[in-house]
Amino acid sequence: MCGIAGIFNSDLDHSSQLQAQQRMINYMHHRGPDDKGHEDFDICMLGQTRLSIIDLSDKARQPFIDQKNKISVAVNGEIYNYRVLREKLLAKGYKFQSDSDSEVVLHGYKEWNESLFPMLQGMFAISIYDGNSESLYLCRDRLGIKPLYFARVDKSLIFASEIGAIIQSKLLNSSFNTDSLFPFLFLGYMPDSICPIEGVESLSPGSYLKVTKNDINYKNYWEMEFSEKKQYENDNELILETRKILEESIRVHTQSDVPLGVFLSGGIDSTIIAGLVSSQNSHVKTLSVGFEDGPSRLNELEIARKTAKYFGTNHTEFVLNGSDIRQRISRIIRHIDSPSFDGINSYIVSEMAKESGLTVALSGLGGDELFGGYEIFNFYPKYLSMVPYWRKIPNQLKSIFIGLSSNIIRGSDRRQKIRRLMDVDDASALYALNRSNTWPSEISKLVKEDFSDAATSDDLFDLFKVNSNDPWKSLQEREIKNYVTSRLLRDTDAMSMAHSIEVRVPLLDDNLVEHVISLPSLSKSPLGYPKRLLIESTRDLLPDFVLNRRKQGFQLPMEVWMRNELEDVVKDVFSQDSIKQRGLFNEREMSKLLSMFEKNQVTYDVIWKFVTLELWLREHKVNV
């Protein structure tokens with residue numbers, strides 16, 4: 001685990017290139033405080049800052065280089081099937097200097113060239129320089145667990161594990177990408193395909209670049225195919241096969257030469273991870289975080305404590321309050337890497353993990369999205385079939401229905417969704433009701449006139465377009481490609497690496513994902529909602545007090561903190577001077593929006609995204 005960065009085919013003098021490279025690596029020291037390395041070729045520089053996980057010796061230092069074949073690699077992440085690939089390469093006569101999983105990439109490329117990429121399983125971002133062909137390869141894992149950004153400056157290309165590192169290279173102007181404004185306000189985070197800095201791009205999951213002096217070629221080595229390839233004689237056979245894959249996922253995800261633990265909340269997914277790890281390892285460390293403030297329903301320490309006792313783990317608890325967050329807010333913004341209203345929870349739990357002595361932590365992230373744990377997996381398949389009929393209803397009748405419904409529904413969030421039904425006329429718009437943060441028509445009022453036509457409703461809804469036509473599978477695809485990759489995984493990586501913690505996600509293991517998405521639709525199956533396949537596959541591990549508990553996601557009491565300890569931060573960002581100076585938003589409409597929050601008419605995340613955007617732009621000195 002580490003940060004990687006490089007410069008290819010630059011016209012700058014060698015000294016200027018080296019200084020830019022060093023600035024990028026030094027900026028990402030938090031991603032790898034154990035060591036750093038650098039390789040310098042005629043037209044390419046590769047660098048890495050290292051967090052030692054597998055093989056802690058100097059022999060595993062990166063970048064790895066083969067002087068004879070003029071090939072060098074720098075890898076961020078973990079190759080979980082490296083032992084299998086290593087055995088194949090040993091059988092072909094390759095010699096290894098280390099036990100590192102990353103060295104497998106060096107010899108694997110020498111043996112299989114680009115065909116290596118689909119053979120790799122894990123979470124990774126890879127850079128390979130081939131001096132024979134004077135080519136640079138950049139490759140990213142299938143789901144985008146590990147980030148990789150790049151920017152073209154004239155004929156050269158720079159890349160790094162963090163957007164902030166590319167900014168620190170000072171090889172491009174730090175200008176705000178105004179094309180990212182509407183998508184950010186729509187979602188509350190940046191889609192993976194869109195970056196907040198003009199000229200910076202994110203390498204797509206499951207793809208790689210081949211960069212030469214004259215050309216850049218994009219290629220996909222993996223596509224998420226929601227097919228029905230697998231058939232089972234009965235549900236029991238499917239359950240047993242799923243359990244087998246889960247156990248193998250845990251086995252490879254617990255490979256580590258440093259202390260490893262499990263993030264444990266009161267939910268089913270983290271309980272399953274803790275149970276599976278405990279079944280394979282006698283000494284397991286678990287970690288939970290609770291809060292002094294906010295509704296008691298958000299505090300899951302008690303049930304996490306019971307779960308830890310049930311599995312006999314070495315359990316550690318931390319309790320936070322609003323003052324703790326206030327003290328950390330500038331550091332959180334600095335590390336968030338791409339503006340998002342989320343991520344603070346990952347920052348805090350990762351800091352606590354580091355304090356408890358961990359370097360690697362397993363998370364239950366992805367279980368709800370892959371197996372169908374959210375309520376949307378219940379109502380979306382039902383109501384999707386009604387959209388064509390709703391589309392034909394005259395707008396006047398729609399308005400009457402929406403008005404009557406709004407009057408009888410409690411909760412500002414639900415009333416908002418009802419009002420937005422007016423614009424729902426296809427599958428993507430229906431999904432947007434669940435995942436959008438601010439509706440397109442609302443965004444147009446909030447931004448300055450200069451930006452008011454930056455994107456249409458259709459442009460924003462198109463962010464959710466997918467290939468699958470089956471309601472259940474299309475929902476899985478939307479959840480994984482959008483919500484998981486763009487928000488959960490990116491925020492988790494940035495916030496955990498801020499503390500030099502590697503977070504692994506065994507419920508998004510390559511083989512497990514392939515297995516689940518290749519099954520027949522679970523929309524009407526007894527193994528469908530709410531993630532019955534996952535539960536039945538691990539039922540023997542789950543205590544009744546977790547199974548019978550009402551679903552509650554891990555949440556921070558952000559609303560409470562924003563009205564108290566973080567109030568000054570919110571008011572500063574929403575001040576007339578701040579809004580006017582930034583020049584993106586309508587001052588009057590922003591004042592109304594803040595007033596709505598104070599009256600409990602909008603949820604905290606609608607407000608907090610503006611805070612993170614403004615503070616992020618300030619932190620990175622980005623011009624608009």
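Being a predicted model, the structure only gives us computed values, none of them experimental.
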| task | Using a strict cut-off of less than 4.0 Å between a Lys/Arg side-chain nitrogen and an Asp/Glu carboxylate oxygen, indicate whether Asp192 and Arg140 qualify as a salt bridge. | result | yes

| query | Given Ser356 and Thr316, is the side chain to side chain donor-acceptor pair (under 3.5 Å) satisfied, shown in steps? | reply | CA-CA 8 Å; Ser356 70; Thr316 303; 5.4 Å; no

| said: Does the Lys NZ or Arg CZ of Lys306 fall within the cation-pi geometry relative to Phe545 - under 6.0 Å from the ring centre and within 45° of the axis? | reply: yes

| request: May I ask you to decide if Gly122's main-chain N or O and Asp141's side chain share a donor-acceptor pair within less than 3.5 Å? | output: no

| message | I'd like to check the salt bridge (charged side-chain N to carboxylate O under 4.0 Å, His left out) partners of Arg243; sequence neighbours left out, ordered by chain and number. | response | Glu247, Asp540

| query | Quick one: side-chain contact (heavy atoms from CB on, under 4.5 Å) partners of Asn564, sequence neighbours excluded? | reply | Val560

| task | Calculate, to the nearest 0.5 Å, the distance between atoms CG and SG belonging to Leu51 and Cys2 respectively. | result | 8.5 Å

| said: Going by the rule side-chain contact (heavy atoms from CB on, under 4.5 Å), which residues pair with Glu619 if we only count those two or more places apart in sequence or in a different chain? | reply: Ile333, Arg334

| task | Please determine, by modelled atom types, if Glu514 and Trp222 share a side-chain donor-acceptor pair under 3.5 angstrom. | result | yes

| field | Selection residues 307-332 - residue pairs positive for ring pair (Phe, Tyr, Trp, His ring centres under 6.0 Å), sequence neighbours left out | value | none

| query | Where do Leu512 and Pro506 come nearest, in terms of heavy atoms and distance? | reply | CD2-O, 3.8 Å

| query | With side chains defined as the heavy atoms from C-beta onward, is the minimum distance between Tyr483 and Arg478 less than 4.5 Å? | reply | no

| said: According to side-chain hydrogen bond (donor to acceptor under 3.5 Å, both in side chains), who are the partners of Ser523, at least two apart in sequence or on a separate chain? | reply: Ser521

| task | Check step by step if side chain to side chain donor-acceptor pair (under 3.5 Å) holds for Arg251 and Ser249. | result | CA-CA 5 Å; Arg251 186 188 70 78; Ser249 174; over 6 Å; no

| task | Could you tell me the separation between the OG atom of Ser340 and the CE atom of Met495, rounded to the nearest 0.5 Å? | result | 8.5 Å

| message | If you apply the rule side chain to side chain donor-acceptor pair (under 3.5 Å), what do you find for Tyr80 with Gln255, and how did you get there? | response | CA-CA 8 Å; Tyr80 294 131; Gln255 298 174 116; over 6 Å; no

| task | Mind checking side-chain hydrogen bond (donor to acceptor under 3.5 Å, both in side chains) for Ser468 and listing every partner two or more places apart, or none if nothing turns up? | result | none

| query | Any salt bridge between Arg487 and Asp342, counting N to O under 4.0 Å? | reply | yes

| Backbone of Leu143 reached by a side-chain donor or acceptor of Thr485 within 3.5 Å | yes

| said: Would you say Glu241 and Tyr232 are linked by a side-chain donor-acceptor pair, where the criterion is simply a distance under 3.5 Å? | reply: no

| request: Return yes when atom CD of Glu302 has more than 12 non-hydrogen atoms of other residues, nucleotides or ligands closer than 6.0 Å, and no otherwise. | output: no

| field | Sidechain-backbone polar pair: Asn548 side chain, Asp544 backbone, donor-acceptor under 3.5 Å | value | yes

| message | For Tyr380 and Tyr431, take the angle between the two ring planes, folded into 0 to 90°, and tell me which bin it lands in: parallel under 30, tilted 30 to 60, perpendicular over 60. | response | perpendicular

| said: As an exercise, state the distance from CD1 of Ile250 to CD1 of Ile273, rounded to the nearest 0.5 Å. | reply: 4.0 Å

| said: Tell me whether Arg86 forms a cation-pi arrangement with Phe96, defined as NZ or CZ under 6.0 Å from the six-membered ring centre and within 45 degrees of its axis. | reply: yes

| field | Donor-acceptor pair between Ser496 and Ser350 side chains, under 3.5 angstrom | value | no

| Does a donor on one side chain and an acceptor on the other come within less than 3.5 Å for Arg490 and Thr492? | no

| Are Arg61 and Asp35 within salt-bridge range, i.e. N to O under 4.0 Å? | yes

| task | Report the distance from atom CG of Leu365 to atom CG of Asp269, rounding to the nearest 0.5 Å. | result | 9.0 Å

| Any side-chain donor near an acceptor of the partner, Gln121 and Asn511, under 3.5 Å | yes

| task | Find out whether Asp493 and Ile145 are in side-chain contact, i.e. whether some heavy atom of one side chain is under 4.5 Å from a heavy atom of the other. | result | no

| request: Only counting residues at least two apart or in another chain, list the ones meeting side-chain hydrogen bond (donor to acceptor under 3.5 Å, both in side chains) with Asp55. | output: Ser57

| message | Taking side-chain contact (heavy atoms from CB on, under 4.5 Å) as the definition, give me every residue that meets it alongside Glu536, ordered by chain and number, with sequence neighbours left out. | response | Ile239, Leu527, Arg532, Arg539

| Ion pair Asp509/Arg142, N-O distance below 4.0 Å | no

| Within residues 357-374 or reaching into it, pairs that qualify as side chain to side chain donor-acceptor pair (under 3.5 Å) - sequence neighbours excluded | Asp368-Lys531, Asp368-Lys551, Glu369-Tyr374

| Between Asn234 and Glu237: side-chain donor-acceptor atoms closer than 3.5 Å | no

| So which pairs with a foot in residues 342-369 pass ring pair (Phe, Tyr, Trp, His ring centres under 6.0 Å), sequence neighbours left out? | Tyr347-His499

| request: Could you note down all residue pairs passing salt bridge (charged side-chain N to carboxylate O under 4.0 Å, His left out) where residues 348-362 supplies at least one of them, sequence neighbours left out? | output: Arg328-Glu351

| request: Report the relative orientation of the aromatic rings in Phe124 and Tyr221; use parallel for angles under 30°, tilted for 30 to 60°, perpendicular for over 60°. | output: parallel

| said: For Tyr109 and Tyr137, I'd like to know if the aromatic rings sit close, meaning centre-to-centre distance below 6.0 Å. | reply: yes

| Can you list the residues that meet the salt bridge (charged side-chain N to carboxylate O under 4.0 Å, His left out) rule with Glu103, with sequence neighbours excluded? | none

| said: Whether the side chain of Ser279 engages the backbone of Leu276 through a donor-acceptor N/O pair (distance < 3.5 Å, no angle test) should be reported. | reply: yes

| Do Ser288 and Glu300 have side-chain atoms, one donor and one acceptor, less than 3.5 Å apart? | no

| query | Ignoring hydrogens and geometry, is there a side-chain-to-backbone donor-acceptor pair from Glu477 to Val466 under 3.5 Å? | reply | no

| What distance separates Lys88 NZ from Asn81 CG, expressed to the nearest 0.5 Å? | 8.5 Å

| query | Of all heavy-atom pairs between Asp257 and Leu56, which one has the smallest distance, and what is that distance? | reply | O-CD1, 3.7 Å

| message | Give me the atom names and distance for the closest heavy-atom approach of Gln62 to Ser102. | response | NE2-OG, 3.1 Å

